[in-house]
Amino acid sequence: MCKLLLSRGASLDPRANDGNDPEAVARYYCNTTLANFLAAVRAAGGWQPYVDAPRKELLALRQRLPALRDRGRAAPSSSVRAHERLFLKTPDDVFSHVLTFWRSDRDD
């Protein structure tokens with residue numbers, strides 16, 4: 001329910017009558033999973049940055065991959081050529097466009 005509300009623009013800033021924010025209320029009711037989720041969304045700067053974070057991490061890895069391979073930190077995989085084509089041979093603008101359709105567990 002929280003994912004749905006946040007994806008539709010709900011704010012993390014409202015306070016309960018006692019002054020507690022949603023994260024504090026979740027912790028009060030011993031719902032640490034929800035409290036940690038709300039803290040992660042707040043730390044990311046909101047719902048959309050939270051959802052986009054895995055995509056940005058993957059794009060950053062793709063951009064670092066050639067340097068990692070040059071230093072011997074990322075060996076090319078001979079058994080999975082599709083990953084090599086996706087990460088190394090796809091132009092940046094196409095790769096970025098593909099990431100807009102990639103879904104993670106953070107998507108609603």
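Among residue pairs with one or both ends in residues 31-40, none qualify as salt bridge (Lys or Arg N to Asp or Glu O under 4.0 Å); sequence neighbours excluded.
Every residue two or more places apart in sequence or in another chain that forms a ring-ring contact (aromatic ring centres under 6.0 Å, His included) with Y50 is listed here: F37, W47. Scored by the side-chain contact (heavy atoms from CB on, under 4.5 Å) test, A16 finds D18, V25 as partners (sequence neighbours excluded). Legend: residues meeting side-chain contact (heavy atoms from CB on, under 4.5 Å) with Q48, ordered by chain and number and at least two apart, are V51, D52. Qualifying side-chain hydrogen bond (donor to acceptor under 3.5 Å, both in side chains) partners for N31, counting only residues two or more places apart in sequence or in other chains: none. Legend: residues meeting salt bridge (Lys or Arg N to Asp or Glu O under 4.0 Å) with D13, ordered by chain and number and at least two apart, are R42.
Within the model, atoms CD of E23 and CG of L34 stand 9.0 Å from one another, a figure rounded to the nearest 0.5 Å.
The minimum heavy-atom distance between P14 and P22, with the atom names listed, is O-CD, 3.4 Å.
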Next item on the list: Give the intermediate values and the outcome of side-chain contact (heavy atoms from CB on, under 4.5 Å) for residues R27 and D21.
Entry: CA-CA 10 Å; R27 290 200 192 283; D21 63 5; over 6 Å; no

Notebook entry, point to check: Between L38 and L6, is a side-chain contact (heavy atoms from CB on, under 4.5 Å) present by the stated rule, with each step listed?
Noted result: CA-CA 10 Å; L38 294 171; L6 289 168; 4.1 Å; yes

